[in-house]
Amino acid sequence: DIQMTQSPSSVSASVGDRVTITCRASQGIRSWLAWYQQKPGKAPKLLIYAASSLQSGVPSRFSGSGSGTDFTLTISSLQPEDFGNYYCQQANSFPLTFGPGTKVDIK
Amino acid sequence: EVQLVESGGGLVKPGGSLRLSCAASGFTFSSYSMIWVRQAPGKGLEWVSSISSSSSYIYYPDSVKGRFTISRDNAKNSLYLQMNSLRAEDTAVYYCARDEGGGSYFFDYWGQGTLVTVSS
């Protein structure tokens, strides 16, 4: 099974800050990676797929990069509505696996 | 508008069974792979099962294999999860979600979730 790790586990930042979240796969997954945002009590929302493709309707301040084992989600200018948990997910092989999540708080 | 609405959750005793349903609308259901994902209280996301558009390909993680069965009825635009031999560790919110296309296993639309509680 492919294990996904994320760092940091939590981040507190101010509005306007640049926030970077890292996801690492235990083996190469090419670009088969997605990023989701989840707010408390709500379903996850797809932000980025195929490592760097922005999902329709998602603000351009979100971007993804990476391939192989190391990936990054960047929020270029943090907005108040960006609080929540962020999860990476690999789609390279079954079982599909998610990272443990990164909690983003607004200072 | 794409909508996914789960139902069928509730309280069940260990060893019991439950069948979850997911009603889809707003898209051509028969053209998309679908999945179930669960989230235990206060925990992260865990993939539970996947089914291709024509039910030809079905996958489970070891944690539910042999106990859970995914199925779909394309005529009824519905996805199902039959859960047997339930354990306390199966307690979670269960979400259905749609593959964004082409069997990529990235998921672009999610239901609101249904809570399953396994407890005596």
Side-chain angles (χ1 to χ4, degrees), chain A residues 1-10 21 23 25 29-58 62 64 66-67 71 73 84-104, chain B residues 1-6 9 20 22 24 26-27 32-52 56-66 68 70 92-115:
Chain A
D1 297 3
I2 297 174
Q3 309 302 318
M4 307 300 292
T5 56
Q6 287 181 234
S7 62
S9 57
S10 66
I21 300 170
C23 176
I29 59 170
R30 296 169 288 175
S31 294
W32 292 103
L33 186 101
W35 289 97
Y36 299 88
Q37 176 196 62
Q38 186 181 33
K39 296 189 176 183
K42 300 295 186 182
K45 173 186 176 182
L46 178 64
L47 300 175
I48 301 286
Y49 64 95
S52 60
S53 295
L54 189 68
Q55 174 67 4
S56 176
V58 174
F62 291 93
S67 67
F71 302 87
L73 173 71
N85 287 295
Y86 290 78
Y87 296 93
C88 59
Q89 175 234 327
Q90 67 83 14
N92 183 77
S93 61
F94 288 98
L96 305 178
T97 46
F98 291 86
T102 294
K103 184 177 182 180
V104 175
Chain B
E1 179 193 6
V2 172
Q3 282 201 320
L4 298 169
V5 180
E6 301 95 338
L20 305 183
C22 172
F27 66 102
Y32 290 84
S33 296
M34 300 290 294
I35 66 161
W36 289 97
V37 169
R38 68 185 180 184
Q39 187 169 36
K43 302 297 184 182
L45 302 168
E46 181 187 12
W47 166 70
V48 172
S49 185
S50 297
I51 187 168
S52 62
S56 297
Y57 300 97
I58 289 175
Y59 302 97
Y60 306 97
D62 289 345
S63 58
V64 308
K65 196 176 295 183
F68 289 12
I70 191 172
V93 173
Y94 285 73
Y95 297 100
C96 65
R98 186 187 84 164
D99 183 296
E100 62 90 28
S104 67
Y105 294 107
F106 300 127
F107 305 104
D108 60 353
Y109 285 94
W110 296 62
Q112 84 288 351
T114 187
L115 177 62

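Below, chain A is the first sequence line, B the second, and so on; all start at residue 1.
At a 4.5 Å heavy-atom cutoff, the contact between L33(A) and chain B is made by backbone atoms alone. In this structure, chain A has no heavy atom under 4.5 Å from any part of V93(B). With a 4.5 Å cut-off on non-hydrogen atoms, S104(B) touches chain A through its backbone and its side chain both. Looking at F106(B), the atoms closer than 4.5 Å to chain A (heavy atoms on both sides) sit in the backbone and in the side chain alike.
The distance from atom OG of S93(A) to atom OH of Y105(B), rounded to the nearest 0.5 Å, is 12.0 Å. One finds the CG atom of L45(B) at 9.0 Å from the CG atom of N85(A) (value rounded to the nearest 0.5 Å).
In the model, Q38(A) has a side-chain atom that pairs as donor or acceptor with a side-chain atom of Q39(B) under 3.5 Å.
Closest non-hydrogen pair, F94(A) versus S50(B), comes out as CE2-OG, 3.7 Å.
With Q89(A) contributing its side chain and W47(B) its backbone, the two residues share no donor-acceptor pair below 3.5 Å.
F107(B) has its ring centre no less than 6.0 Å from the ring centre of Y36(A).
Enclosure of atom NZ in K42(A) is not indicated, since only 12 or fewer non-hydrogen atoms of other residues, nucleotides or ligands lie within 6.0 angstrom.
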